[in-house]
Amino acid sequence: MLAIPQENSPVTGTLPSFLGEAPDEGEDDERRVLLRFGTHRDPALIARMVRYNLITPEHANWKAGHQAAVAFRERMGHLAVPYGHRELMPAGHSFPLGRWLADQRRALAAGRMAAERAADLDELGMVWDPTDAAWEENLSAARAYHAETGTLAAPVTATMLDKPVGQWLANCRKKNGLGKNQTVARRREQQLASIDPDWNPGAPGLGWTVDWQRTYAAITGLVAAGALLEEIVPGVTADGVDVGRWLQRQRQHIVWHGLKTGQRERLADLGVQPLPPEAPETPGKAPRAGSAAFERACAALAQYKTRTGSVTVSRGHVEVLPDGVEVRLGVFLSNTKTRRAKLSADQLQRLAGLGLHWAVETLTQPLH
């Protein structure tokens with residue numbers, strides 16, 4: 001229709017030879033001539049002019065915006081873009097990505113966005129609802145924390161990307177912590193589970209503490225880095241926690257069988273096996289010489305003396321042997337000293353050799 005000459009239109013004055021401002025030197029002058037619709041023009045030529053100047057720029061704008069969104073997502077791991085953010089493009093210019101994403105939200109809300117474009121943005125993790133931006137920022141911090149530690153069982157004091165990710169995760173684990181809208185809550189739970197399936201160890205079906213999960217993850221990280229289970233002994237620490245002592249405690253028969261099924265499965269996957277059950281001891285009675293309990297107590301005292309240089313032990317002290325057995329060394333020494341008159345010569349000799357002065361004195365006392 002634009003190409004049809006307007007022959008019946010009244011003409012006043014003299015028409016200029018060209019329309020529009022004159023081009024700069026070296027530029028094409030064809031467009032000013034083309035816009036003269038008083039003469040016959042090729043309809044296909046007019047159609048191409050309209051398509052190139054109207055349709056193509058809109059497509060180019062979408063393409064540039066999508067490329068900027070991809071670049072931002074690859075660099076930051078999310079698409080929660082501030083409104084004023086401009087993304088630096090490979091060609092050297094910046095693209096107003098934050099404003100462009102806001103335009104896409106308005107287009108979707110008005111029903112003016114093609115389904116394939118909406119799908120393209122969904123694949124990038126488009127934040128359609130601006131109120132979800134804070135969630136996406138914290139989720140990005142959670143991803144970064146997991147990448148560094150291998151777990152989302154963060155202490156409440158943990159931070160990442162300037163976000164209090166530990167407190168945020170603790171809040172997420174609370175009732176309605178993911179939101180009261182069940183659809184939104186399920187989607188958010190899936191997002192966290194995709195990062196770490198055990199992000200909420202206290203949930204139904206699991207049922208253990210965040211501290212246990214965090215220590216287990218630390219040992220998993222050591223094993224993944226090449227450490228052997230035999231090398232993770234008491235005294236080996238990770239993030240300030242004696243993971244060696246923790247691991248040995250998990251192997252104790254009574255502790256192992258007190259764990260949840262999921263906990264035992266995770267430990268077994270690492271190759272951890274429980275220790276055999278210990279023979280029961282008579283409460284308040286000193287173990288007899290040569291018994292397994294007496295030998296463990298002597299081994300615990302020797303280990304304590306080597307580590308501290310002393311045989312003075314508080315009553316509440318528990319010594320952990322290399323095989324993970326815990327010996328209540330303080331109680332043993334207190335009970336044994338009280339009943340030293342009933343100890344055999346072999347027992348006293350063993351204890352005296354370890355440096356217990358009361359055992360030496362008992363051995364040297366005259367017989368009555």
Side-chain angles (χ1 to χ4, degrees), residues 69 72-73 76-85 97-217 260-263 265-266:
F72 185 92
R73 178 68 172 79
M76 302 299 295
H78 61 82
L79 210 55
V81 183
Y83 181 82
H85 175 75
L97 180 59
R99 187 176 64 192
W100 182 83
L101 289 172
D103 291 340
Q104 306 315 304
R105 294 187 188 98
R106 285 191 290 268
L108 182 71
R112 293 185 281 103
M113 176 174 286
E116 58 270 19
R117 290 188 173 181
D120 287 343
L121 289 175
D122 278 334
E123 289 183 5
L124 295 178
M126 174 67 173
V127 183
W128 293 109
D129 186 350
T131 59
D132 282 344
W135 167 267
E136 292 295 331
E137 290 177 3
N138 285 312
L139 191 66
S140 296
R143 289 193 186 97
Y145 183 86
H146 183 271
E148 183 173 299
T149 65
T151 182
L152 287 186
V156 293
T157 56
T159 60
M160 181 61 65
L161 303 181
D162 296 326
K163 298 290 182 182
V165 65
Q167 185 61 61
W168 179 75
L169 286 165
N171 293 338
C172 289
R173 297 185 189 102
K174 295 178 181 178
K175 184 178 181 180
N176 296 326
L178 299 177
K180 294 184 179 180
N181 184 303
Q182 294 303 307
T183 301
V184 172
R186 282 193 296 270
R187 173 172 58 81
R188 291 177 172 178
E189 183 177 9
Q190 291 170 357
Q191 288 177 310
L192 289 168
S194 67
I195 301 172
D196 180 3
D198 293 334
W199 74 274
N200 186 13
L206 298 180
W208 55 85
T209 65
V210 174
D211 290 342
W212 190 96
Q213 181 66 30
R214 183 167 56 254
T215 311
Y216 161 77
K260 301 289 185 181
T261 301
Q263 291 173 298
E265 289 175 348
R266 284 158 176 75

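Side-chain atoms are counted along with the backbone in the values below, which use heavy atoms only and exclude waters and symmetry mates.
- Closest approach of Ala69 and Leu97 over heavy atoms only: N-CD1, 3.8 Å.
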Applying side-chain contact (heavy atoms from CB on, under 4.5 Å) to Trp199 and Gln213, what does each step give before you reach the verdict?
CA-CA 9 Å; Trp199 74 274; Gln213 181 66 30; over 6 Å; no
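- Scored by the salt bridge (Lys or Arg N to Asp or Glu O under 4.0 Å) test, Arg214 finds Asp211 as partners (sequence neighbours excluded).
- Under the side chain to side chain contact (heavy atoms under 4.5 Å, CB included) criterion, Ala185 pairs with Leu178, sequence neighbours left out.
- For Arg106, the salt bridge (Lys or Arg N to Asp or Glu O under 4.0 Å) criterion is met by Asp103, not counting sequence neighbours.
- For the atom pair CG (Leu152) and OH (Tyr145), the distance works out to 8.5 Å, reported to the nearest 0.5 Å.
- Distance check, rounded to the nearest 0.5 Å: CD of Glu189 to CG of Asn200 gives 7.5 Å.
- Closest of all the heavy-atom pairs between Pro201 and Thr209 is CG-O, 3.8 Å.
- To the nearest 0.5 Å, atoms CG (Asn181) and CZ (Arg187) are separated by 9.0 Å.
- For the pair Arg266 (side chain) and Ala217 (backbone), a donor-acceptor distance under 3.5 Å is absent.
- For CZ of Arg99, the number of neighbouring non-hydrogen atoms (other residues, nucleotides, ligands) closer than 6.0 Å is 12 at most.
- For residues 151-161, no pair satisfies side-chain hydrogen bond (donor to acceptor under 3.5 Å, both in side chains), with sequence neighbours left out.
- Atom CG of Leu121 and atom CZ of Arg73 lie 12.5 Å apart (nearest 0.5 Å).
- The two residues Val210 and Ala154 have their closest heavy-atom pair at CG1-O, 4.1 Å.
- Rounding to the nearest 0.5 Å places CH2 of Trp208 at 9.5 Å from NZ of Lys260.
- The backbone N or O of Trp100 sits less than 3.5 Å from a side-chain atom of Gln104, completing a donor-acceptor pair.
- Shown here for Val127 and Arg105, the closest heavy-atom pair between the two residues is O-NE, 2.7 Å.
- Annotation: side chain to side chain contact (heavy atoms under 4.5 Å, CB included) contacts of Ala107 (sequence neighbours excluded): Arg112, Met113.
- To the nearest 0.5 Å, the span separating CZ on Arg143 from CG on Leu192 amounts to 9.0 Å.
- His146 contributes a side-chain N or O that, together with a main-chain N or O of Ile195, makes up a donor-acceptor pair within less than 3.5 Å.
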Which donor-acceptor pairs under 3.5 Å do side chains of residues 160-168 form with protein atoms, sequence neighbours excluded?
unit_1: Lys163; atom_1: NZ; unit_2: Glu137; atom_2: OE1; d: 3.1
unit_1: Gln167; atom_1: NE2; unit_2: Asn171; atom_2: OD1; d: 3.0

